[in-house]
Amino acid sequence: VDDLDEDALWALARSGNGAAFGSVYDLHRDRVYRQARHLISSPHDAEDVTALVFLEAWRRRESVRVVDGSVIAWLLVTTNNVIRNLTRTQRRYAAAIAALPRPEPSVSHEFDQADERIDMHYQSTDVSQGWAKLSKRDQDIITLCILEDLSTADAARALGIPAGTVKSRLSRAKRKLSSLVTQTSGSRTLEGGVL
Amino acid sequence: VSSNDDFDPVRSRAIRQLLVDTADGSARPRRRPSRLLTIVAGVATAIALMTGGAAFALNAPAFLRPHTVFSGTTGPTERDLSTPQVTPPPATAEQAKANASLACQIASVQLRSAGDDEQLMGALLYAQQAAALDPKWQSLATDLAALITDPTNSSTSSASADDSTSQGEDLSARCAPFTR
């Protein structure tokens, strides 16, 4: 399993090889987790989302789209979907998630990071609120093309749309997100004078 | 992502193991399904006779009414099985056995009827709670997890004829302690 490329690894995993599926998890865990952390404030919730994404990958293994020999694009789009449908997805895997060990509290570490978090809070809140108002289509385009820096061609294959459509949607999505962030920060300034 | 956001290594290992077990558990050989209902019905009947619950054998939905489940912290409590809940694990081997028995009953009902993923997840939860206290129930939990996670294994999906029999045999074997 260690010597296989991802394409072969996924094929083996799909056939019911647990070690291969574990290796796919090793390959992409961090990127899925990072994407979840972009959208969810709690690191522990993001860990649960990561687990749910891979469980979904197993459940829907016959329809997972492999792009350029990798399943990462599918996993990232699924991360967005899982977060959007978090309650429903969690219910599906409630027993499995409940069986995972609970996170250890790390209070001192939280304090160490507090200042940095406060500084970043308002900015990330604006982006998060803007993000939440984007359509699923726009979220997926921004995830693949901007957050994950996929090429237009790869994003097009991952989403099953023409490359030209990716470009036009990306341009629209960026404009929309920018506008939403500006609106959010503007309204907060007017309401509370925070900025 | 700051260092504070690193994936908890303990949880990561647990998730990885869950995925590996899930994939491995779905890869066992399977045969025709027609025996599934027979086997599961046999298990259900045996359980009904063991527990004196003739109503179960004659009227499976009766088992979806509230039953006594061991919670470990508050002793036996009344729970509505139609809404699977996360409960603390049982505290004794007997309570673990009771939870495992309950898991078998729910699974039997669901596999005999139209089938309901949430009910099966409830069964899985009880089995996992039992396994947490007594490892001998681990295989029961694994089989139930395979039933839920792999849609081709579900009696509610269009599983191939070969899929269900081995599940029935698996469940039958796992639930055997309740039939002796």
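Chain letters run A, B, ... following the sequence lines, proteins first, then strands; residues in each count from 1.
- At least one side-chain heavy atom of A:Glu47 sits under 4.5 Å from a side-chain heavy atom of B:Asp8.
- Closest heavy-atom contact between A:Gly18 and B:Ala23: CA-CB, 3.7 Å.
- Considering CZ of A:Phe21 and CG of B:Asp21, their distance stands at 11.5 Å, rounded to 0.5 Å.
- Two residues are said to be in side-chain contact when any heavy atoms from C-beta on lie closer than 4.5 Å; B:Arg16 and A:Arg29 fail this criterion.
- In the model, A:Tyr33 has no side-chain atom that pairs as donor or acceptor with a side-chain atom of B:Ser12 under 3.5 Å.
- Residues A:Ile72 and A:Val77 share a hydrophobic cluster, clusters being chains of Ile/Leu/Val/Met/Phe/Trp/Tyr side chains in contact below 4.5 Å.
- With values rounded to the nearest 0.5 angstrom, B:Phe7 atom CZ is found 11.5 Å from A:Arg37 atom CZ.
- The shortest heavy-atom contact between A:Gly16 and B:Asp24 is O-OD1, 3.7 Å.
- Note on B:Val20 and A:Val53: separate hydrophobic clusters, where clusters join Ile, Leu, Val, Met, Phe, Trp and Tyr whose side-chain heavy atoms are under 4.5 Å apart, directly or indirectly.
- Taking 4.5 Å as the limit, some side-chain heavy atom of A:Tyr25 sits within range of a side-chain heavy atom of B:Ile15.
- By the 4.5 Å heavy-atom criterion applied to side chains, A:Trp58 and B:Leu19 are not counted as neighbours.
- Panel note: side chain B:Arg11, backbone A:Arg102; no donor-acceptor pair is recorded below 3.5 Å.
- Side-chain heavy atoms closer than 4.5 Å link hydrophobic residues (I, L, V, M, F, W, Y) into clusters, and following such links, even through other members, never connects A:Val67 to A:Leu170.
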